[in-house]
Undergrad: 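This is the structure I want to talk about, given as C-alpha coordinates.
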Amino acid sequence: MFDSLNRFGLPAKYAILYSAGAVIFLFIWNLIGIGSGEPMVYPIAVVLGAVWGAGKGYLRKKQGLTS
(Lines give C-alpha, C1' and ligand atoms only; values in the text may rest on other atoms or scores of the structure.)
Protein backbone atom coordinates (compact mmCIF):
# COMPACT_ATOMS: atom_id res chain seq x y z
CA MET A 1 0.00 0.00 0.00
CA PHE A 2 2.89 2.36 0.76
CA ASP A 3 5.27 0.96 -1.84
CA SER A 4 6.20 4.44 -3.04
CA LEU A 5 8.00 4.99 0.28
CA ASN A 6 10.31 2.03 -0.39
CA ARG A 7 12.68 4.30 -2.30
CA PHE A 8 13.67 5.95 0.99
CA GLY A 9 14.64 2.63 2.55
CA LEU A 10 12.85 0.63 5.20
CA PRO A 11 13.99 2.62 8.26
CA ALA A 12 12.81 5.91 6.73
CA LYS A 13 9.59 4.33 5.45
CA TYR A 14 8.61 3.02 8.84
CA ALA A 15 9.71 6.24 10.56
CA ILE A 16 7.35 8.23 8.32
CA LEU A 17 4.46 5.81 8.79
CA TYR A 18 4.83 5.57 12.57
CA SER A 19 5.16 9.35 12.96
CA ALA A 20 2.05 9.98 10.90
CA GLY A 21 0.17 7.26 12.76
CA ALA A 22 1.12 8.72 16.13
CA VAL A 23 -0.10 12.19 15.17
CA ILE A 24 -3.37 10.84 13.77
CA PHE A 25 -3.92 8.73 16.88
CA LEU A 26 -3.29 11.69 19.20
CA PHE A 27 -5.56 13.95 17.17
CA ILE A 28 -8.43 11.47 17.35
CA TRP A 29 -7.72 10.83 21.02
CA ASN A 30 -7.91 14.57 21.76
CA LEU A 31 -10.97 14.95 19.56
CA ILE A 32 -13.01 12.53 21.64
CA GLY A 33 -11.84 14.18 24.86
CA ILE A 34 -9.48 11.63 26.37
CA GLY A 35 -6.14 13.28 25.57
CA SER A 36 -4.53 16.27 27.25
CA GLY A 37 -4.78 18.55 24.22
CA GLU A 38 -1.40 20.15 24.85
CA PRO A 39 0.32 21.23 21.63
CA MET A 40 3.77 19.94 22.71
CA VAL A 41 2.47 16.38 22.66
CA TYR A 42 2.48 16.29 18.86
CA PRO A 43 6.21 17.01 18.26
CA ILE A 44 7.09 14.50 20.97
CA ALA A 45 4.91 11.89 19.27
CA VAL A 46 6.56 12.62 15.91
CA VAL A 47 10.04 12.14 17.35
CA LEU A 48 9.15 8.99 19.29
CA GLY A 49 7.26 7.57 16.30
CA ALA A 50 10.23 8.24 14.04
CA VAL A 51 12.65 6.55 16.43
CA TRP A 52 10.39 3.53 16.95
CA GLY A 53 9.62 3.24 13.23
CA ALA A 54 13.26 3.56 12.19
CA GLY A 55 14.18 0.82 14.63
CA LYS A 56 11.44 -1.44 13.30
CA GLY A 57 12.45 -0.73 9.70
CA TYR A 58 16.09 -1.41 10.49
CA LEU A 59 15.24 -4.77 12.06
CA ARG A 60 13.06 -5.71 9.08
CA LYS A 61 15.88 -4.74 6.72
CA LYS A 62 18.33 -6.77 8.77
CA GLN A 63 16.04 -9.82 8.46
CA GLY A 64 16.15 -9.46 4.69
CA LEU A 65 12.60 -8.21 4.18
CA THR A 66 11.97 -5.68 1.45
CA SER A 67 8.73 -4.05 2.58
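Being a predicted model, the structure only gives us computed values, none of them experimental.
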Undergrad: Report the residues that fulfil side-chain contact (heavy atoms from CB on, under 4.5 Å) with Trp52, sequence neighbours left out, ordered by chain and then residue number.
TA: Tyr18
Undergrad: Donor-acceptor pairs under 3.5 angstrom involving side-chain atoms of residues 38-51: please list them, not counting sequence neighbours.
TA:
{"from": "Tyr42", "atom 1": "OH", "to": "Asn30", "atom 2": "ND2", "distance (Å)": "2.9"}

Undergrad: Show every donor-acceptor pair shorter than 3.5 Å between a side-chain atom in residues 8-15 and any protein atom, with sequence neighbours excluded, or say none if there are none.
TA:
{"from": "Lys13", "atom 1": "NZ", "to": "Asn6", "atom 2": "OD1", "distance (Å)": "2.9"}
{"from": "Tyr14", "atom 1": "OH", "to": "Arg60", "atom 2": "NE", "distance (Å)": "3.0"}

Undergrad: With a 4.5 Å cut-off on side-chain heavy-atom distances among I, L, V, M, F, W and Y, is there a chain of contacts connecting Phe27 to Ile32?
TA: yes
Undergrad: List in chain and number order the residues that pass ring-ring contact (aromatic ring centres under 6.0 Å, His included) with Phe25, two or more places apart in sequence or in another chain; answer none if no residue qualifies.
TA: Trp29
Undergrad: Calculate, to the nearest 0.5 Å, the distance between atoms CD1 and CG belonging to Ile24 and Leu31 respectively.
TA: 13.0 Å
